[in-house]
Amino acid sequence: MKKIVSCLMLLMGIGWIVGGQTVYAEDNSMSLIEYDVKLLENGTGIVTEHRKMNMTDGTELYIEMNNLQGSEVTDFSVQGFSNNPDWDSNDSREEKAEEYEILEADDGVELVWGIGEYGEKEYELTYTITNMVRQLEDGQALNWNFNTYGEIAPEAMNIKINGPFDFTQKNVDIWGFGYEGIVELANGGLTSEAQSQLEADGRLVILMQFPDSPFDVTVQANQTLEEQLDKSQDGATYNGDGKLSGWLLSLILGIVLGIPSLLGIVFWRIEVRKKDAGKMRSGYALKKRNKGQTYGDIPYTDGNIFDVSYLLQQIQHGTFEDYFFAYLLKWSKEERIKIHTKETDGWFDKEDTVIELLQRQNYSFNKFDDEVMNFEDKVWSILEEVADLSGKVSEKDMKKWSKKHAKELSELATSMKDESKDILETKGYIRQEITTYLGMKLPFISATREGERLFDRIAQFENHLNDLELDESLSYKQTLPWEEFIIWATLYGKGSDVVESLEKFYPEQWNDWVVQYPYFYGGYHGLYGFSHSMSSGMESGGYNAATGAGGSTSIGGGGGAIGGGGGGAR
């Protein structure tokens with residue numbers, strides 16, 4: 001404890017020496033900045049900024065855009081203000097009030113607008129940036145530094161990015177760099193929120209990678225997705241497992257504000273110390289380690305498919321939605337549920353899938369007995385809760401119920417990580433360990449030798465699925481029972497791809513399976529639609545079923561991003 005106090009006192013002293021002149025100054029400040037980005041089909045982004053500020057000095061606010069690398073900034077405006085094409089930065093504050101303009105600069109452009117009256121202010125800016133999404137050698141990506149505030153660091157920040165199609169775990173991978181916060185997918189878009197004040201003139205980077213190249217873009221970058229991510233990850237330090245306790249991290253951040261280089265060294269040393277002590281590999285490092293290696297067998301046979309959800313989420317798979325669908329398939333295979341269809345009322349003919357429970361466990365949703373119920377039982381309790389007296393649940397009923405109970409379902413999805421982690425620890429695949437640095441105890445997760453093998457198999461099974469997707473005809477080599485294989489592929493979001501390949505290349509075999517196993521093969525597409533009714537209901541209720549997309553952002557990293565440049569007042 002004495003070491004911690006001494007260290008903090010030293011950092012406090014440095015902070016006062018370096019930044020003491022600004023501690024008590026009533027400078028310009030920003031309590032909130034919000035970014036709302038709409039991506040168009042051609043990769044152009046329309047950005048809206050909402051700022052809450054307290055202005056005490058200067059005549060104009062400005063944003064520097066000097067790292068555009070082929071992008072252009074157009075259509076700048078400030079809500080309620082008028083354009084002044086004859087902008088003169090030497091004009092008075094009164095002359096610049098409620099006016100704006102784009103100024104040419106040697107290495108880019110500046111967006112400027114008048115401060116107006118001093119005091120509490122709100123500004124809403126809109127501007128368009130071309131080529132925010134770039135073509136890479138094996139995909140497309142948005143890799144943008146959104147720092148437009150520069151020297152006036154916001155106390156709170158959030159970003160929303162939407163596009164011409166829904167962003168899901170199946171079509172985009174997401175990261176955040178340069179700030180402490182959370183980045184995730186919700187309601188078809190990306191959302192991110194900072195959990196502490198941003199750093200002046202620091203990075204605020206969002207990286208979105210689209211392996212399937214869905215945008216119609218023109219600018220090419222001579223870089224692969226992996227190379228781009230590798231550069232972004234350099235110096236990255238994530239929150240999550242083994243992070244410092246909240247109060248200590250906040251205290252250190254507050255003390256060393258203004259000396260980011262020292263803070264970076266501290267976090268870098270903490271991460272090095274954990275890695276040296278045996279911290280489990282990140283999902284990115286795991287994929288890199290297993291590149292080119294495949295595993296065609298079921299990767300885990302030591303228990304329930306849920307046990308490994310913690311490991312699957314490390315590589316951005318195994319969402320709550322995936323598990324809900326996988327369990328429906330499993331129960332169908334075990335003949336615990338039966339599939340029916342019925343015509344729905346309306347102008348167009350449409351079939352509604354109805355699930356009939358062939359056995360009842362009398363479980364109650366949201367009244368879980370952890371000594372009796374495992375995660376599969378908890379998911380089963382959802383069907384019991386929605387079923388009518390005859391044991392039937394329709395898609396319509398499922399969607400309606402999921403919308404009403406979206407919050408509870410989201411909490412169940414959130415619990416997956418810790419519950420799976422406990423199981424893996426009990427079975428000897430991972431361990432909770434502690435190392436120290438500057439007298440601080442630093443908890444982290446390590447994998448045992450068997451855990452490393454399991455984690456490798458999970459990554460290599462994804463490579464096997466990817467190979468089948470690249471050459472669908474390879475599926476004839478598959479010797480595993482197809483039901484189990486399809487269930488596991490579902491946990492990776494690829495079950496439907498496997499089924500489509502089987503239907504395409506082996507239609508006679510598929511038709512035979514439909515006759516022999518009507519609950520599983522005959523009901524597959526109906527089960528898929530039914531599982532989607534749950535996720536769409538949650539989305540209607542304001543929650544996302546795809547827990548596991550994104551996660552904690554990195555305080556460091558973000559190298560190679562376009563945009564940024566900063567800004568401030570003058």
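Note that the numbering runs from 1 along the sequence shown for the chain.
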Is a salt bridge present between [X] and [Y], judged by a nitrogen-to-oxygen distance below 4.0 Å?
X: R336; Y: E376; value: yes
X: E321; Y: K170; value: no
X: E452; Y: R449; value: no
X: E334; Y: K330; value: yes
X: D418; Y: K421; value: yes

Problem set entry | Test side chain to side chain contact (heavy atoms under 4.5 Å, CB included) applied to S446 and R431, R281, K279, the passing residue |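 Of R431, R281, K279, side chain to side chain contact (heavy atoms under 4.5 Å, CB included) with S446 is met by R431 alone.
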May I ask you to test the [X]-[Y] pair for a side-chain heavy-atom distance under 4.5 Å?
X: W175; Y: S232; value: no
X: I315; Y: K287; value: yes
X: R457; Y: D297; value: no
X: N143; Y: I562; value: no
X: I486; Y: E483; value: no

For this session: Determine yes or no for a side-chain-to-main-chain donor-acceptor pair under 3.5 angstrom, with Y323 supplying the side chain and I305 the backbone.
Result: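 Flag set: sc Y323 to bb I305 pair under 3.5 Å.
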Problem set entry | Side chains of S71 and R134, donor plus acceptor under 3.5 Å |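 S71 vs R134: donor-acceptor pair found between side chains.
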For this session: Answer yes if the side chains of D166 and T168 hold a donor-acceptor pair under 3.5 Å, and no otherwise.
Result: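 On atom types as modelled, these side chains do not qualify, holding no pair under 3.5 Å.
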For this session: Calculate, to the nearest 0.5 Å, the distance between atoms OG1 and CD1 belonging to T126 and I46 respectively.
Result: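 Between atom OG1 of T126 and atom CD1 of I46 there are 9.0 Å.
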Over 12 non-hydrogen atoms of neighbours within 6.0 angstrom of [atom1] in [X]:
X: K399; atom1: NZ; value: no
X: Q361; atom1: CD; value: yes
X: Q516; atom1: CD; value: yes

For the residue pair [X] and [Y], does the interplanar ring angle fall in the parallel (under 30°), tilted (30 to 60°) or perpendicular (over 60°) class?
X: Y524; Y: F325; answer: tilted
X: W510; Y: W513; answer: perpendicular
X: F461; Y: H464; answer: tilted
X: F375; Y: Y327; answer: tilted
X: Y492; Y: H317; answer: tilted

For this session: Run the numbers on F485 and W488 for ring pair (Phe, Tyr, Trp, His ring centres under 6.0 Å), then give the verdict.
Result: CA-CA 5 Å; F485 188 82; W488 271 91; 10.0 Å; no
Problem set entry | Contacts of F215 that satisfy ring pair (Phe, Tyr, Trp, His ring centres under 6.0 Å) - sequence neighbours left out |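 F215 satisfies ring pair (Phe, Tyr, Trp, His ring centres under 6.0 Å) with F165, F210 only.
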For this session: Return the set of residues passing ring pair (Phe, Tyr, Trp, His ring centres under 6.0 Å) with Y300 (not counting sequence neighbours), or none when no residue passes.
Result: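 Y300 satisfies ring pair (Phe, Tyr, Trp, His ring centres under 6.0 Å) with no residue once adjacent residues are dropped.
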For this session: Could you note down all residue pairs passing salt bridge (charged side-chain N to carboxylate O under 4.0 Å, His left out) where residues 301-310 supplies at least one of them, sequence neighbours left out?
Result: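 Qualifying pairs: D307-K427.
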For this session: Identify the two heavy atoms, one from E335 and one from L358, that lie closest to each other, and give their separation to 0.1 Å.
Result: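 Heavy atoms of E335 and L358 come nearest at O-CD1, 3.4 Å.
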